[in-house]
Amino acid sequence: LSDEQMKQVELLHEERYQLMSEAELIQEDPIELQRTFREIQIQHDKVMAGILSEKQLKHFLELEGRQHVNMLTGKEEE
């Protein structure tokens, strides 16, 4: 990653974890909490797609164990 990419990714991860922490505090229903987490992840992935090259994004998703994520729809392929 370039220095600029690294800064953007670090800020994005901080924001993601902040949003997830806030969701845990206000969401009582576990199913709704998971749905909220998924929405946060989809938004995170879309922003990451704008920061990273296609190769970098593919490697990032592999590291997270989400190799088959469709970035446009936010749905995982089976």
Exceeds 12 heavy-atom contacts within 6.0 angstrom, atom [atom1] of [X]:
X	atom1	answer
Ile31	CD1	no
Asp3	CG	no
His59	NE2	no

The side-chain contact (heavy atoms from CB on, under 4.5 Å) partner of Ile51 among Lys7, Glu4, Gln8, Met6 is Gln8

Salt bridge (Lys or Arg N to Asp or Glu O under 4.0 Å) filter on Glu24, not counting sequence neighbours, yields none

Return the [atom1] to [atom2] distance between [X] and [Y], rounded to the nearest 0.5 Å.
X	Y	atom1	atom2	result
Glu22	Tyr17	CD	OH	15.0 Å
Leu52	Leu61	CG	CG	9.0 Å
Arg35	Gln27	CZ	CD	9.0 Å
Leu19	Glu39	CG	CD	11.5 Å
Gln43	Glu15	CD	CD	10.0 Å
Phe37	Met20	CZ	CE	5.5 Å

> Sequence neighbours excluded, which residues qualify as side chain to side chain donor-acceptor pair (under 3.5 Å) partners of Gln56?
Replying inline: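 Testing Gln56 for side chain to side chain donor-acceptor pair (under 3.5 Å), a comparison that skips the adjacent residues, returns Gln5, Ser53.
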
Does a donor on one side chain and an acceptor on the other come within less than 3.5 Å for Arg16 and Gln41?
-> yes

* Hey, quick one: are Val47 and Ile40 part of the same hydrophobic cluster, counting side-chain heavy atoms closer than 4.5 Å, chains of contacts allowed? ->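 No, it is not one cluster - the side chains of Val47 and Ile40 are not joined through contacts under 4.5 Å.
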
What closest approach, in Å, do Ala23 and Thr36 show between heavy atoms, and which atom pair accounts for it?
->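 Of all heavy-atom pairs spanning Ala23 and Thr36, the closest is CB-CG2, 3.8 Å.
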
